[in-house]
Number of protein chains: 2
Amino acid sequence: MTDPTAPGPLAATAALMADPARARMLAALMGGEALTAGELARVAGVTAATASGHLARMADGGLLLVHAQGRHRYVRLASEEVAAAIETLGGLAARIAAPPRPWKHGEAARAARLCWNHLAGRIGVALHARLTGAGWLVPVPGGWDATTEGRARLAATGVDLDAAARAPRVATHRCVARACIARDCMDWSERRPHLAGGLAREIATGWIGRGWLRRLPAEGDGDILARRRLALTPEGARALRDGLGLDLSA
Amino acid sequence: MTDPTAPGPLAATAALMADPARARMLAALMGGEALTAGELARVAGVTAATASGHLARMADGGLLLVHAQGRHRYVRLASEEVAAAIETLGGLAARIAAPPRPWKHGEAARAARLCWNHLAGRIGVALHARLTGAGWLVPVPGGWDATTEGRARLAATGVDLDAAARAPRVATHRCVARACIARDCMDWSERRPHLAGGLAREIATGWIGRGWLRRLPAEGDGDILARRRLALTPEGARALRDGLGLDLSA
DNA sequence: CCATCGCTTCGCGGGGCGCCGAAGCGTCCC
DNA sequence: GGGACGCTTCGGCGCCCCGCGAAGCGATGG
């Protein structure tokens with residue numbers, strides 16, 4: 001009936017991340033942008049032929065989505081869950097590999113970074129704590145929904161909650177009783193959850209678009225956190241303090 | 001300086017989970033008990049020689065701790081973070097592998113199971129929601145601490161909070177300002193956090209010891225969730241409802 | 001229409017490693 | 001003390017798969 005030599009789901013999925021070139025590609029895609037096969041080949045340090053094979057495997061294994069456009073193939077992470085798994089596994093790996101110099105790649109990344117399409121780091125967990133602590137987000141099965149006041153507060157920061165509600169729904173539960181516009185995602189540097197989901201995506205894109213956060217350049221060549229590091233601008237700090245009561249001076 | 005062919009931390013750690021035999025061993029260890037090398041060889045379906053090599057690799061890679069006792073070698077997961085990574089990756093793998101029959105191994109495991117040494121499943125997330133929602137746990141940097149009332153409530157359920165405070169501290173932050181007796185761990189079946197950490201360990205062992213929860217037998221031979229499934233007993237349901245206001249009829 | 005570009009497929013070579021059987025070593029029990 | 005047991009180490013076999021270059025294919029652009 002079942003093949004005793006079959007890898008099993010856990011091993012099969014882990015194997016997709018267990019190759020150095022593939023891991024570098026996944027790390028680059030954690031920046032949230034869709035990258036072309038050629039860009040990923042470059043960041044992985046392999047030829048286009050090798051990269052093509054890797055991308056096909058990962059897409060086939062459900063980690064990536066590929067979108068052909070002209071003669072380019074744009075690749076992005078398949079889902080929030082993939083991003084969460086990479087985030088968690090990356091945190092474990094970092095702690096195992098580098099107890100002596102714990103945060104080689106970064107104090108900046110600990111303060112603010114992207115986790116696929118949403119905010120992570122101290123700002124991410126602070127945002128989670130503020131929105132849930134103030135009662136602007138309330139728990140619903142599978143995640144969080146926003147209250148009326150929460151919607152008003154967020155709308156004032158330029159976040160489009162209708163767009164968040166239109167986020168692709170993953171049908172993991174038979175019947176989803178209520179709107180779930182945000183979920184939790186474990187933050188590996190802070191060890192507490194930050195917000196993920198449609199709302200979190202709108203927040204990240206909106207605040208970056210307004211210039212409240214800006215992307216930081218890569219540090220060196222093999223920077224595993226390239227494309228992910230963010231910095232809060234002075235205007236952003238002011239706006240978040242005044243609009244949400246979010247003080248990030250700590 | 002740095003070897004360009006070096007795997008990188010993420011790939012190296014993922015590789016430790018990417019072998020079918022190793023994955024089966026890790027799944028078995030998610031039941032929380034320390035198992036001998038021989039037991040793990042059996043569950044993995046390999047000879048003792050092969051298992052020995054696998055265990056040495058995983059111990060060397062920081063996933064496992066080994067404790068020699070007489071002519072047995074007891075093996076357990078190295079840390080909460082390892083358990084969290086396996087939990088997250090396992091959830092992703094299950095969702096990727098089995099959209100047609102989503103929960104082959106079970107409704108029982110979704111209701112209540114062990115995640116290394118703490119409770120997971122619906123009971124785990126309900127407990128998290130209740131303790132934090134009632135204000136019995138309050139957020140501190142890196143996790144949660146209990147209030148005086150929370151301590152009293154938990155002590156009434158037989159949970160020893162002094163033992164929880166003595167939990168091995170992982171020094172990930174330079175200075176930990178306050179006691180942190182619980183942390184969040186993402187639940188892969190419910191997609192919301194449940195409680196981990198010393199407090200959660202005391203809760204799981206205490207409630208199982210009191211007969212409020214009991215371990216369920218394995219289903220078949222290659223049961224990936226063997227040793228993890230739990231069931232709430234009638235006494236347990238009563239005690240949790242009366243003692244903590246935790247209603248699990250849903 | 002042809003050159004270029006991005007990407008894929010194919011075939012090949014090589015290294016890593018998963019597996020086992022046999023042998024060795026320490027522990028436990030009679 | 002001798003035998004059984006649990007585990008490790010060693011040697012060897014075999015497969016998987018990673019990497020590349022070369023060739024093919026569709027899209028683009030002059």
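Convention: sequence-line order gives letters A, B, ...; per-chain numbering from 1. No experiment lies behind these values; they were computed from the predicted model shown.
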Participant: On DNA chain D, reading 5' to 3', which nucleotide is the first and which the last to sit with an atom under 4.0 Å from a heavy atom of chain B, could you check?
Facilitator: D:dA4 to D:dT9
Participant: Which of residues 60-76 of chain A have a heavy atom under 4.0 Å from DNA chain C?
Facilitator: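 Per residue number, the list reads A:R71, A:H72, A:R73.
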Participant: Can a side chain N or O of B:T47 be found less than 4.0 Å away from OP1 or OP2 on C:dC20?
Facilitator: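 For C:dC20, OP1 or OP2 has a side-chain N or O of B:T47 closer than 4.0 Å.
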Participant: Can you check whether B:H54 has a side-chain N or O nearer than 4.0 Å to OP1 or OP2 of C:dC19?
Facilitator: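 Affirmative; the distance criterion is met.
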Participant: Please name all residues satisfying salt bridge (Lys or Arg N to Asp or Glu O under 4.0 Å) with B:R227, sequence neighbours left out, ordered by chain then number.
Facilitator: B:E33
Participant: Rounded to the nearest 0.5 Å, what separates atom SG in B:C185 from atom NE2 in B:H118?
Facilitator: 4.0 Å
Participant: So which of B:L40, B:L16, B:L77 actually passes side chain to side chain contact (heavy atoms under 4.5 Å, CB included) with B:L64?
Facilitator: B:L77
Participant: Could you pull out all residues at least two apart from B:D187 that satisfy side chain to side chain donor-acceptor pair (under 3.5 Å)?
Facilitator: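 In terms of side chain to side chain donor-acceptor pair (under 3.5 Å), with neighbours along the sequence ignored, B:D187 is linked to B:R113, B:S189, B:H194.
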Participant: Under 3.5 Å, is there a donor-acceptor pair between the side chain of B:T233 and the main chain of B:G211?
Facilitator: yes
Participant: Round to the nearest Å and state the distance from A:E39 atom CD to C:dC7 atom C1'.
Facilitator: 14 Å
Participant: Not counting sequence neighbours, which residues clear salt bridge (Lys or Arg N to Asp or Glu O under 4.0 Å) with A:R76? List them please.
Facilitator: none
Participant: Just by modelled atom types, is the B:A109 backbone N or O under 3.5 Å from a matching donor or acceptor in the B:R229 side chain?
Facilitator: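 Between the backbone of B:A109 and the side chain of B:R229 there is no qualifying donor-acceptor contact (under 3.5 Å).
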Participant: Select one nucleotide: of C:dC17, C:dG21, C:dC7, the one nearest the side-chain heavy atoms of A:A37.
Facilitator: C:dC7
Participant: Before accepting this row, confirm whether a basic side-chain N of the pair B:R201/B:E80 lies closer than 4.0 Å to the acidic partner's carboxylate O.
Facilitator: no
Participant: The helix from C:dC1-D:dG30 to C:dC30-D:dG1: angle between its terminal axes, five pairs each, to 10°?
Facilitator: 30°
